[in-house]
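Since the structure comes first, as structure tokens, the remarks are kept for the end.
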2 protein chains.
Amino acid sequence: MEKPDKRCAIVRATLDLVAEQGFHGAPMALVADRAGVAAGTIYRYFESKDVLINEAYHYLEERFFAAMMERYPEGAPVRERFLHIGGVLVRYCIDAPLEFRFLEQFHNSPYGVEHRREKLFNKNNRDVITELFNEALDLGVVKELPLPVLFGLAFGPLLDICRDHILHFIELDDELVSRCVEACWDAIRC
Amino acid sequence: MEKPDKRCAIVRATLDLVAEQGFHGAPMALVADRAGVAAGTIYRYFESKDVLINEAYHYLEERFFAAMMERYPEGAPVRERFLHIGGVLVRYCIDAPLEFRFLEQFHNSPYGVEHRREKLFNKNNRDVITELFNEALDLGVVKELPLPVLFGLAFGPLLDICRDHILHFIELDDELVSRCVEACWDAIRC
DNA sequence: CCTCCGAGAATGAACGTTCATTTTTTATCA
DNA sequence: TGATAAAAAATGAACGTTCATTCTCGGAGG
């Protein structure tokens, strides 16, 4: 009987409900129900709904970065590392559609804008992807475009195809995923 | 005193408010205020808020397609026509940030998913962009990928950079826009 | 006098949050 | 150990707001 048992249940309930029905479909009463606690209990663990949602996001973000670093080809050329990241990104998202849907909701909301602004203007930001792109720029293997543009070119379409796959607008398989990631590389490479 | 005077004012007020503050920030009472009518009056013109929002969207969609067809290089090569469309898209969006923000909100909502589903599965769909891509596929000048994937590769990043420009994450000028549109072409071309 | 449009108050449902109360756990001492 | 007191956690009904929508009535035009 650990302490964080309930806390975790609340976070997971939030993730599920937001993923399934959007922020509108996740009122605190429902979150409480799904987590098996009373409405008021949530406020013993989280100051507000905003705090709860941000915590849920960070929980997912960590899981995702962990997945990305598995078998990351550390010393390999830039292109190969990018293909790894892109492939993992897409496969992770379509394997965990609920997590993807939550992330999508989050990014397309004021939460997401704030989160992005902080990341962008907080120069201490030391994540693998930024490092990779900066290295690629130094080496001159990708187009000289602002970082946000490179991110958009490289990952925007990948998220789009994940969404379309989950909505059954297209059917992704391993080969198609590879070709899409390579197309994104074509967009940014010199 | 024409009839459609108030109707139009209501649509424009909806556009403005949703663009500025999102769907949450556009309650009917505020829409009414901004349009210079009373809350109840809206319901004399629109059956519900959903109907009002869909109508606002279609209004914008038409304006946008009209802009895109201005000086469209009808007989030119596929690449040139794509660059025209991409350039117009970006310039239109950053010149009319309110319209862009509304469209973004709309697309990232259940309204947008429904709209996309209908477009995709309604084969009678005869818009210029679909025609262009089908022609490009026939000629073999773009990668053989499903249409939704090509759309994502070609336009996803362009919408991303518009958003980032409007949020002041980047600063677009004509030259940078051109280079971005060309990068998108690199993504889809063979 | 009648018709009907527009106004804005009224309505009821839904929401996040609070708090007085109950239940469970932990600490204290014989 | 067992009894009891203190503390912590959990509860869920209730609150105040906000929202889309409906209702009712005054007044302008015929």
Side-chain angles (χ1 to χ4, degrees), chain A residues 1-59 102 105-106 108-115, chain B residues 1-59 101-102 105-106 108-112 114-115:
Chain A
M1 291 191 210
E2 322 90 307
K3 186 117 58 55
D5 208 18
K6 289 213 162 119
R7 186 186 181 83
C8 186
I10 292 167
V11 171
R12 298 206 68 91
T14 306
L15 288 175
D16 288 358
L17 280 170
V18 171
E20 285 165 16
Q21 327 238 22
F23 288 113
H24 296 279
M28 294 301 252
L30 256 192
V31 170
D33 257 21
R34 172 93 53 129
V37 302
T41 306
I42 297 176
Y43 291 84
R44 298 201 60 78
Y45 295 92
F46 304 95
E47 193 187 311
S48 69
K49 192 178 187 180
D50 278 10
V51 170
L52 169 58
I53 282 172
N54 275 291
E55 180 133 341
Y57 176 78
H58 284 114
Y59 171 75
F102 178 92
Q105 300 271 349
F106 186 89
N108 296 310
S109 76
Y111 298 117
V113 172
E114 210 36 56
H115 180 260
Chain B
M1 291 193 206
E2 321 90 309
K3 186 113 61 55
D5 207 19
K6 290 212 162 115
R7 185 186 182 83
C8 187
I10 293 167
V11 171
R12 299 205 68 91
T14 306
L15 289 175
D16 288 358
L17 280 170
V18 171
E20 284 164 18
Q21 328 237 23
F23 288 114
H24 296 280
M28 295 299 254
L30 259 192
V31 171
D33 257 21
R34 173 92 53 128
V37 302
T41 306
I42 296 176
Y43 290 85
R44 304 202 66 79
Y45 294 91
F46 303 94
E47 192 186 314
S48 69
K49 194 178 186 179
D50 278 10
V51 169
L52 169 58
I53 283 173
N54 275 292
E55 180 135 341
Y57 176 78
H58 284 113
Y59 170 76
R101 301 253 293 145
F102 178 92
Q105 301 270 350
F106 186 89
N108 297 312
S109 75
Y111 297 117
E114 210 36 56
H115 181 260

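Everything numeric in this text was worked out from a predicted model, so none of it was measured. Every chain is numbered from 1, with letters handed out A, B, ... down the list of sequences.
To the nearest angstrom, P of dC19(D) lies 16 Å from CG of Asp50(B). A straight line from NZ of Lys49(B) to P of dC19(D) spans 8 Å, rounded to a whole angstrom. Distance Ile10(B) CD1 to dA20(D) P: 14 Å, rounded to the nearest Å. Taking atom CG of residue Leu17(A) and atom P of nucleotide dG16(C), one finds them 11 Å apart after rounding to whole Å. Atom CZ of Phe23(A) is separated from atom C1' of dG16(C) by 15 Å (rounded to the nearest Å). As rounded to whole Å, 15 Å separates atom C1' of dT17(C) from atom CZ of Arg44(A). As rounded to whole Å, 12 Å separates atom P of dC19(D) from atom NE2 of His24(A). In this structure, the CG atom of Asp33(B) is 12 Å from the C1' atom of dA7(C), given to the nearest Å.
Residue-environment remark: CZ (Arg12(B)) stays at or below the threshold of 12 foreign heavy atoms within 6.0 Å. Within 6.0 Å of the NE2 atom in His24(B), the count of heavy atoms belonging to other residues, nucleotides or ligands does not exceed 12.
Position along DNA chain C of the nearest nucleotide to Gly40(B) versus Tyr43(A) favours Gly40(B) as the more 5'-ward residue. Each of Thr41(B) and Gly25(B) has a nearest nucleotide on DNA chain D; the 5'-most of these lies closest to Gly25(B).
Of the candidates dC5(C), dC15(C), dA7(C), dA7(C) carries the atom nearest the Lys6(B) side chain, counting heavy atoms from C-beta on. The side chain of Ala38(A) lies closest to dG12(D) when the candidates are dG12(D), dA20(D), dG8(C). Here dT11(D) is the nucleotide among dC19(D), dG16(C), dT11(D) with the atom lying nearest to any side-chain atom of Val37(A). Closest contact between the side chain of Met28(B) and the listed nucleotides dA20(D), dA9(D), dG12(D) involves dA20(D). Closest contact between the side chain of Pro27(B) and the listed nucleotides dT21(D), dG16(C), dC19(D) involves dC19(D).
Taking side-chain N and O atoms only, Tyr45(B) has a distance below 4.0 Å to OP1 or OP2 of dG6(C).
The aromatic rings of Tyr57(B) and Phe106(B) lie parallel to each other, their planes meeting at an angle below 30°, with 60° marking the opposite boundary.
Separating the CG atom in Leu15(A) from the CD atom in Glu20(A) is a distance of 10.5 Å, to the nearest 0.5 Å.
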Worked verdict on Tyr59(B) versus Phe102(B) for ring pair (Phe, Tyr, Trp, His ring centres under 6.0 Å)
CA-CA 11 Å; Tyr59(B) 170 76; Phe102(B) 178 92; 9.7 Å; no
